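Only a predicted model underlies this, so the values are computations on that prediction, with no experimental measurement involved. Below, chains carry the letters A, B, ... as their sequence lines are ordered, and counting in each starts from 1.
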Amino acid sequence: MGKIRLTIILGVIFLIPIFYLVSLYFLRREKQTEVQFPKEYISTLKYCQNKTIKKMEFAPNQIEDLQKALNSLEECTHLILKSGKFIFDNSLSIARVNGIILQGSGKSKTILDFQKASNVNGVDVEAVNSFTIQDLSILDSPKNGLEIRLSENILIENIIVSWSTTSGPEMSKNGAYGVYPVNVVNVLLQNTETYYASDAGIYVGQCINALVRNNKAEYNVMGLEIENTINAEVYGNLVQNNTGGFLAYDLHKNTIVSRNIKVYNNKIVNNNFPNFSAAGIVRTVPSGTGIILTSVREVELFSNTIGENHTVDVAILNGLVSQTSDFSQWAMNNWRVYNIYIHDNSFIGNSGTSIDNGNIDEKNRPLGALANLFHEVYNKNLQAQGKAKENFANILYDGVEPGFTILALTKWFGNKSGNYNQICIGVNDKGTISPSFLDFNLPALLANSSEPTEDSILSAIQKKESRVYTSDTNYGGVPTEGFGCEGYIAKGLPIDF
Amino acid sequence: MFTLIKKFNILVVIFFTFQCTKKANLNLNSKELLIFSKLSEYEFVERDFQGKLKFKKSGLKYTLNTALFSDYAQKERIIFLPSGTQIQYNRKKVFDMPIGTVITKTFFMPKNLLKPTENLQKLETRLLIHQPKGWFAVSYIWNQAETEAEIAYGGKVIPLQIINQEGKDIQFNYLVPSRNQCFNCHQAYEGNTQAIVPIGIQAKHLNKEISLGVSQLELWEKKGVLVGFLNFFVPKLPDAFDERYSLEERARAYLDINCSYCHNVKSAGGLNSKLVLTFEETNFQEIGVCKTPGSAGKGGGGLRYDIVPAKAEESILYYRISTTESGAMMPPIGRALVHKEGVKLIQDWINSMPFKNCF
C-alpha cells in the first residue's frame, strides 16, 4: 500500500514538471498567419481602363478648391498639382474612393507644406483601392509624411518626404514616419526619398506583397523598415547616414507573422547619425547600426553593399531580447528570429569601430551598452593573451536558441551548441573584407542572472560559449552545428507589379 | 449594474422576442436627399424675426449621459425624422434610423470658460444625413451674424481666443473636420468596407433621466418616435462628472465616449494598439493595465505600459490625453486643448488602483 502511494507521489512529482514543459512547448509554439492572397496587382490605370477619367488641376493658391475636391471625390479622378508651394493648415486626405491619382509636377517642383497644420498626417489616405501618388514633395508633417492605411493596390513613386529641422533637440519633434503604408495589400514603393523622420524614413507595416525599390533614406532615425509583412522584396535602395539603416521585425502584439523577405542589391552604409527619436522601438537603436533582423523569419539578404556602420553591420536578435521578455505579450509567439540567410554581400569594412559612436546610453539603448561592455571585456582578454585589439564583429547574433525560449531567459536550456534557428552565413567575399560573426550567446552571458557582468562575460568568452567566428573557420565548421550553412532562399513576390 | 444586465441577458432576450416584434417605419424606399451648399436651403431651418437662422421646433432635441470633449465647445443636438417614420430601438447597437434622417450637432464656443454657457460663438453645425446608400457627413460653418452657414467639404481651421479657467487668455486652432476626417471617429467596418455611423444614438448614451423619473428614451417612445423600446434593463453609461457614481464607473464612461469609437475590437485604433476602452470591456489587460502598446510609435512618450496601477504619471494612457504634442495626443483629432477635468478624472482613477508591479 505504502509503496503504491510512494510511487504515485514520486510519479506526480516527476510528471507535473514534464507535463508542464510539454504543455509550454505547445502553448508557446509560433503561430502562422493565414491570409487570402490577391491574384494580381490592379494599377490605377488598369482599374480605370473602361471608366472615364476626370482630370482636375490645382495651383498653390487653390487650396480651398483642392480640399473641396478631395472631400467629394468620384472614382478615377486624376488630381494634378501644379508647381509651387501648397501651404496646408489641415491634412490632405483621400478616403474610401478608388482609382485616384494624386500627381505633382515633379518631386522638387510641387511642394506640400504642412508646417502650419497641427497633429495630422501630411497626406492621409484611408480605405482606397488602386491609388497612385507621384511627383511631389511633402514637407514638415506634424505626424507622418504620407500614411496609407487599410488599402489595396498602392503605387508610391517619385516623391520626397522631408522635415526642415535638421539638427538639435527640436529634431525629435519631426514627424514619425516619412512614407508609411500600413495594412496595405500590394504596395509598390519606388524612386522615393525620405529625410529627417524622427522614427523611420520608409516604414512598410503589416502589408501583404510589398515591393520597395530604388529609394533613398537618409538622416532618419531608422532608414527603412519592414514590419509584420508577408512577402516583400527590397532592392536597389540607398540607405545611409541614418541612426540605423534597415530593420525587419515583428511587433509583439501584431497578428500578421512576417515571412518571405528578400533583400538584395541595396547599399546600406555609414549609418552613424545620432539617435534623435523621442520614443518608440527605434529609440533603443544605437547609432552606427546597419541592419537589424529581430523577431522575424524567412529573410534572405544577398548582394548588398554593407559597411562603415560604426556599431555593427548586421544584428540578428530574438524579440524577447529586443522588445519584451514577457511571453504573454506576444500574441502569435513570434519572438524567434530564424531562417536567415546572409550571402554574397559586399562588406566594405570600417565597421564596429566605435559602438554607438561613443555615446553609450544604458537607459535608452541597453543593447548598445551591453555590446560595448562585451567588446571591452573581449579586447581585454585578447590583450591578456598578447593579441591585438579587434573591431566589434560585423554580424552579431544573440544566440538565443528556441529551447531556451520555452521556459525563460535562463542558461539551462539555451547554452548549448547548435544552430536550431538556422542562422546561415554563406560566402560574403564580394567586398573588401570578409565579415566576422559574433555568437553572443546571451544565455551564457547572463549566467543565470538578469544582468551580465564583466565576470560572466569573461567566463563565457574563455569557455568559448560566446565567440567570434570568421570565414576562415567557416562560421563554426560543421554545417549542422555552425553558422556557415546554406539557408533559406526567399521565394520573391507571388505577383507582378 | 452591467453584471446584473448580463445575468438577465437571456431573460431580456426572451422578453424582447415575445413583446417587441413591433417594427419602426424606416422609410426604406425613400430617395436620396439633396446636399445644399447653404444651411438655409434645408427645410429643417427657418428664420426668426431678426433674420437669424434657427432649427425648426419640430426637431427632436437630445443630450448624452457623457459627451465627447471638443475643446470646451457647448453642443446642441437635434434629430429631424421624415414625417411618419420612427427610430428602431436596440439595446446594444446604434439604433436603426429611417432613411432621410438628419442628425444635427451645433458647436458653440464660450468666450470665457468660467462662464461656459454665456457669450457663445456659433461655430459650426455638423450634419449626418441618412442616405439610401448610408450616412453622409459634412459640416457647415456659421457667419458671425448667424444668418447663414456655408458647407465646408474640406473643413476649416478657425483660430480662436478665449479666457480659460484661470482667467488667462489662450489661443488655439479649432478644427472643423473635413468630410474625410468625419470618418476618423464615425467609423465602422463590415469586413473590408468602411462605413460611417452615428456614435451617440445608442441606448447607453441616451438612457438619461430628463425629468423626475422619466428617461429620455421613455419620452421618445411616448412621442411615438422610438419603436421597440423595452424599459427593462436598459444599459446606461454614467455621467462622468456626477459624483454619485463611483470613480471607476465615471472614468470608464469618460473613456467610452471619448475613445471607444476607435478603441474597440473592430476599429483601427483597437486593432493597432490592442487597447479596448469600451465601457462593457471587463478584461483589465485589454483596458490597458500593465499592457504594453501594440504599436511601437512615438506616442508612448518613452513609457512602457498603457496603465501602471496607482501611477498615472507612468501610464501612457494618462500621458496621451494630457499632452498636446503632435503625434502623441489623444484623441488624435478634435482636440487642441487639454480637458483638465477629464484628465483629472483619469488620473484619480489610475491612482486609486491598488499598486501592482507590472513586470
Side-chain angles (χ1 to χ4, degrees), chain A residues 63-73 89-91 93-97 116-121 124-127 141-144 149-150 152 172-177 182-183 185 198-199 205-206 227 249 251-255 277-283 323-324 326 328-329 331 364, chain B residues 35 137-138 151-159 172-173 175-184 187 189 192-196 268 271-275 285 290-304 316 319 324-336 358-359:
Chain A
I63 298 262
E64 266 193 48
D65 298 335
L66 171 63
Q67 285 288 18
K68 187 180 172 185
L70 289 166
N71 283 281
S72 44
L73 279 177
D89 59 10
N90 197 350
S91 77
S93 68
I94 293 171
R96 291 160 302 278
V97 57
K116 289 195 171 157
S118 47
N119 199 38
V120 289
N121 296 318
D124 187 74
V125 181
E126 182 171 58
S141 294
K143 288 166 84 178
N144 305 316
R149 56 188 178 273
L150 298 154
E152 271 181 53
S172 69
K173 292 190 174 164
N174 286 356
Y177 305 135
V182 56
N183 270 304
V185 177
S198 71
D199 197 314
Q206 299 146 45
E227 174 244 306
Y249 78 121
L251 282 166
H252 58 277
K253 283 233 158 30
N254 199 276
T255 52
S277 67
I281 190 171
V282 293
R283 199 180 183 199
Q323 289 185 56
T324 172
D326 180 353
S328 70
Q329 304 277 359
N364 291 314
Chain B
I35 306 299
V138 71
I151 199 162
Y153 279 91
K156 197 183 180 185
V157 174
I158 306 177
F172 66 101
N173 285 331
L175 178 73
V176 176
S178 69
R179 287 198 56 222
N180 289 340
Q181 284 171 326
C182 295
F183 276 84
N184 289 7
Q187 56 172 326
Y189 284 91
N192 261 344
T193 38
Q194 200 189 27
I196 200 161
L271 290 173
N272 285 335
S273 63
K274 310 288 171 199
L275 181 66
Q285 196 177 28
C290 289
K291 180 191 135 324
T292 54
S295 55
K298 67 191 284 188
L303 302 169
R304 215 175 139 68
I316 296 172
Y319 163 72
T324 52
E325 194 83 27
S326 274
M329 67 185 291
M330 281 284 165
I333 190 171
R335 170 170 92 78
C358 283
F359 292 98

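For D89(A), the parts lying near chain B are the backbone and the side chain together; criterion is any non-hydrogen pair under 4.5 Å. With a 4.5 Å cut-off on non-hydrogen atoms, V120(A) touches chain B through its side chain but not through its backbone. The contact between S172(A) and chain B is made entirely by backbone atoms, counting heavy-atom distances below 4.5 Å. Contact of Q206(A) with chain B is made through the side chain alone, with heavy-atom distances under 4.5 Å. With a 4.5 angstrom heavy-atom cutoff, E227(A) does not touch chain B via any of its atoms. Of the atoms belonging to R335(B), not a single heavy atom falls under 4.5 Å from chain A. Both the backbone and the side chain of E325(B) have a heavy atom closer than 4.5 Å to some heavy atom of chain A. With a 4.5 Å cut-off on non-hydrogen atoms, C358(B) does not touch chain A at all. Neither the backbone nor the side chain of L303(B) comes within less than 4.5 Å of any heavy atom in chain A. Residue contact with chain B, scored on non-hydrogen atoms closer than 4.5 Å, is absent for S277(A). Only the side chain of N183(A) comes within less than 4.5 Å of a heavy atom of chain B; its backbone N, CA, C and O stay farther away.
Contacts with chain A were tallied for V157(B), L175(B), N173(B); V157(B) has the most, counting heavy-atom pairs under 4.5 Å.
When the side chain to side chain donor-acceptor pair (under 3.5 Å) test is applied to Q187(B), no partner is found at least two apart in sequence or on another chain. Remark: S118(A) engages no residue in a side chain to side chain contact (heavy atoms under 4.5 Å, CB included) (not counting sequence neighbours).
Using a 4.5 Å cut-off on side-chain heavy atoms (C-beta onward), K68(A) and I151(B) make no contact. Side-chain contact between N90(A) and Q181(B) is present, with heavy atoms from C-beta onward closer than 4.5 Å. Between K291(B) and K253(A), the closest side-chain pair of non-hydrogen atoms falls below 4.5 Å.
With N180(B) contributing its side chain and N71(A) its backbone, the two residues share no donor-acceptor pair below 3.5 Å.
Of all the heavy atoms in P332(B) and K143(A), the pair that sits closest is CB-NZ, 3.6 Å. Closest of all the heavy-atom pairs between G302(B) and A279(A) is N-CB, 3.6 Å. A pairwise comparison of heavy atoms in R304(B) and Q323(A) identifies NH1-O, 4.1 Å as the closest pair.
If you take NZ on K274(B) and NE2 on H252(A), they are separated by 10.5 Å, rounding to the nearest 0.5 Å. Rounding to the nearest 0.5 Å places OG of S326(B) at 10.0 Å from CG of N121(A). Atoms CG and CD1, on D124(A) and I333(B) in that order, are 8.5 Å from each other to the nearest 0.5 Å. For the atom pair CZ of F183(B) and CZ of R96(A), the computed distance is 3.5 Å after rounding to the nearest 0.5 Å.
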